[in-house]
Protein chains: 2
Amino acid sequence: MASAHEQFRNLAWKCGLAATHQRQVIYEAVIATPGHHSVETVYAEVRRRTPSISLATVYNNLRLFVEHGLLREVSPHSSMLLVEGNLAPHHHLICTRCKAVQDLEVADFVNVKKLARQAPRGFDLSQPLVEVFGLCRRCSAKS
Amino acid sequence: MASAHEQFRNLAWKCGLAATHQRQVIYEAVIATPGHHSVETVYAEVRRRTPSISLATVYNNLRLFVEHGLLREVSPHSSMLLVEGNLAPHHHLICTRCKAVQDLEVADFVNVKKLARQAPRGFDLSQPLVEVFGLCRRCSAKS
DNA sequence: TTCCTGAATTATAATGATTCTCATCTAACA
DNA sequence: TGTTAGATGAGAATCATTATAATTCAGGAA
Ligand SMILES: [Mn+2]
Ligand SMILES: [Mn+2]
Ligand SMILES: [Zn+2]
Ligand SMILES: [Zn+2]
């Protein structure tokens, strides 16, 4: 099997990205540990190996890796506060590119019983609200 | 039926909130139009009736209304970038209070066929990713 | 109605995550 | 090895949101 170093060089080559030392270290910092990583934790980890790295480089490359499908962004929402007056339980459809939000009035695509069974013990799902991510018509037409 | 003014005074009284003119106008700006409202649009609308209102008051009261259940926050997730290396399709369980994210490996609580039928035409759901909101064990124990 | 008091509002400063700028550096290729 | 487009680092800038603190007001008592 190839070394982690070689694996990353391969991936970078496939994406047309220069395989810099910084990218190598950032990528490995995320891949090394399962779970969800904040920029803060990645930056802290990466600085142990490359103390001179810039925070901007971490941001730039995490975004780049997400764009190229090497990493996944956990919650690809708009980061700004949105509010609504419709209190009737309903779900949302969110475009991962333009962050547009549409209502999904009908909810029968969710099997609440199965969901409750799969959730960890103690997690309160008495009013489970669901968001589904995809690409809106306009964005999927572009790509 | 009571006037919109009286309706709001009733709701505010039930929550123990002072029924100020600003709160009245903010609440009505959201309620008047169906759909999802950003702070920017609420602020613009509200200033037409009350030009002296402060942006901080809009933020404060939108948060307050959400806390008291008069309004709903559309995507109650952490606003900071989170990234993961696990590219295998899987879903997430998010705590609306502390914003913790957990994986939901099994996905059979989603009926993809029904979902596709209910989504608007042209919406790309070829890899639908789902987030379910609830209260994690720790947070639901507190409340 | 008038007065009182704690809460609400306002203007503005502060915060904090993220992005931008640009001078310097380097990976990739010939 | 030399060239160069693209990457990096340091710090400034941005922008949404929150904190501060002085002023005003809602709501209850007299
Ligand atoms: Mn909605
Ligand atoms: Mn995950
Ligand atoms: Zn879109
Ligand atoms: Zn929680």
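These numbers come from a predicted model, not from an experiment.
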Participant: Dump the intermediate steps for side-chain contact (heavy atoms from CB on, under 4.5 Å) on A:F65 and B:V83, then the final yes or no.
Facilitator: CA-CA 10 Å; A:F65 293 158; B:V83 132; over 6 Å; no

Participant: Walk along DNA chain D from 5' to 3' and tell me the first and last nucleotide with an atom closer than 4.0 Å to a non-hydrogen atom of chain A.
Facilitator: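 The footprint of chain A covers D:dA7 to D:dT17.
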
Participant: Any side-chain hydrogen bond (donor to acceptor under 3.5 Å, both in side chains) involving residues 43-53 of chain A? Give me the pairs, sequence neighbours left out, ordered by first then second residue.
Facilitator: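 Every side-chain hydrogen bond (donor to acceptor under 3.5 Å, both in side chains) pair that includes a residue of residues 43-53 of chain A, provided the two are not neighbours, is A:H21-A:T50, A:E28-A:R49, A:Y43-A:R47, A:E45-A:R48.
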
Participant: Would you tabulate the side-chain donor-acceptor contacts of residues 125-132 of chain B under 3.5 Å, counting partners in other chains and residues two or more places apart, or write 'none'?
Facilitator:
from: B:S126; atom 1: OG; to: B:D124; atom 2: OD1; distance (Å): 2.8
from: B:E131; atom 1: OE1; to: A:H77; atom 2: NE2; distance (Å): 3.3
from: B:E131; atom 1: OE2; to: A:S75; atom 2: OG; distance (Å): 2.6

Participant: What distance do A:L81 atom CG and B:L62 atom CG have between them, rounded to the nearest 0.5 Å?
Facilitator: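 Going from the CG atom of A:L81 to the CG atom of B:L62 covers 6.0 Å.
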
Participant: Over all heavy atoms of both residues, which pair between B:G85 and A:V30 is shortest? Give the atoms and the distance, please.
Facilitator: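 Closest approach of B:G85 to A:V30, heavy atoms only: N-CG1, 3.8 Å.
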
Participant: Under the ring pair (Phe, Tyr, Trp, His ring centres under 6.0 Å) definition, can you give me all pairs with a residue in residues 92-126 of chain A, not counting sequence neighbours?
Facilitator: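 Sorted pair list: A:H90-A:H92, A:H91-A:F109, A:H92-B:H36.
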
Participant: Can you pull the side-chain hydrogen bond (donor to acceptor under 3.5 Å, both in side chains) pairs that have at least one residue in residues 55-68 of chain A, sequence neighbours excluded?
Facilitator: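 As it turns out, the side-chain hydrogen bond (donor to acceptor under 3.5 Å, both in side chains) pairs with a partner in residues 55-68 of chain A, which skip direct neighbours, are A:R23-A:N61.
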
Participant: In chain order, what residues pass the side chain to side chain contact (heavy atoms under 4.5 Å, CB included) check against A:P89, with sequence neighbours excluded?
Facilitator: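 Once residues adjacent in sequence are excluded, A:P89 has no partner under the side chain to side chain contact (heavy atoms under 4.5 Å, CB included) criterion.
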
Participant: Between B:N86 and A:R72, is any pair of side-chain heavy atoms under 4.5 Å apart?
Facilitator: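 No; the side chains remain at least 4.5 Å from each other.
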
Participant: Within residues 23-31 of chain A, which residues have any heavy atom lying less than 4.0 Å from an atom of DNA chain C?
Facilitator: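 When residues 23-31 of chain A is checked for heavy atoms under 4.0 Å from DNA chain C, there are no hits whatsoever.
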
Participant: Taking B:T96 for the side chain and B:G134 for the main chain, is one N or O donor matched with an acceptor at less than 3.5 Å?
Facilitator: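 Checked: pair present.
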
Participant: With a 4.5 Å limit on heavy-atom distance, are the side chains of B:L71 and B:I31 in contact?
Facilitator: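 With C-beta onward as the side chain, the pair touches.
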
Participant: Give the residues of residues 42-69 of chain A touching DNA chain D, defined as any heavy atom closer than 4.0 Å, sorted by residue number.
Facilitator: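 The stretch gives A:S52, A:I53, A:S54, A:A56, A:T57, A:N61 as the residues lying under 4.0 Å from the strand, ordered by number.
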
Participant: Under a 4.5 Å cut-off applied to non-hydrogen side-chain atoms, are A:P76 and A:K99 in contact?
Facilitator: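 Yes. Closest side-chain heavy atoms under 4.5 Å.
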
Participant: Distances under 3.5 Å between protein N/O atoms and the N/O atoms of nucleotides 1-6 of chain C, please, pair by pair.
Facilitator:
none

Participant: Just wondering, do B:N111 and A:N111 contact through their side chains at under 4.5 Å, heavy atoms?
Facilitator: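 Heavy-atom side-chain distance check fails, nothing below 4.5 Å.
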
Participant: Using side-chain heavy atoms (C-beta onward) and a distance below 4.5 Å, is B:I53 in contact with B:V25?
Facilitator: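 A side-chain contact under 4.5 Å is absent here.
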
Participant: Taking all heavy atoms of A:C136 and all of A:C98, pick out the closest pair and write down the distance.
Facilitator: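 The pair with the smallest heavy-atom distance is SG-SG, 3.8 Å.
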
Participant: Using the C1' atoms of five pairs at each end, what's the angle between the two axes of the helix from C:dT1-D:dA30 to C:dA30-D:dT1, to 10 degrees?
Facilitator: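 It comes to 30° between the two terminal axes.
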
Participant: A side-chain contact here means heavy atoms from C-beta on lying under 4.5 Å apart; do B:D108 and A:Q118 qualify?
Facilitator: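 SC-SC contact between B:D108 and A:Q118 confirmed.
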
Participant: Holding to salt bridge (Lys or Arg N to Asp or Glu O under 4.0 Å), I want the full list of residues that pass it with B:E73, two or more places apart in sequence or in another chain.
Facilitator: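 Partners of B:E73 by the salt bridge (Lys or Arg N to Asp or Glu O under 4.0 Å) criterion come out as none, since no residue qualifies.
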
Participant: How would nucleotides 22-30 of chain C be written as a contact map, 5' to 3', with B for base contact, S for sugar-phosphate-only contact and - for no contact, using protein heavy atoms under 4.0 Å?
Facilitator: -----SS--

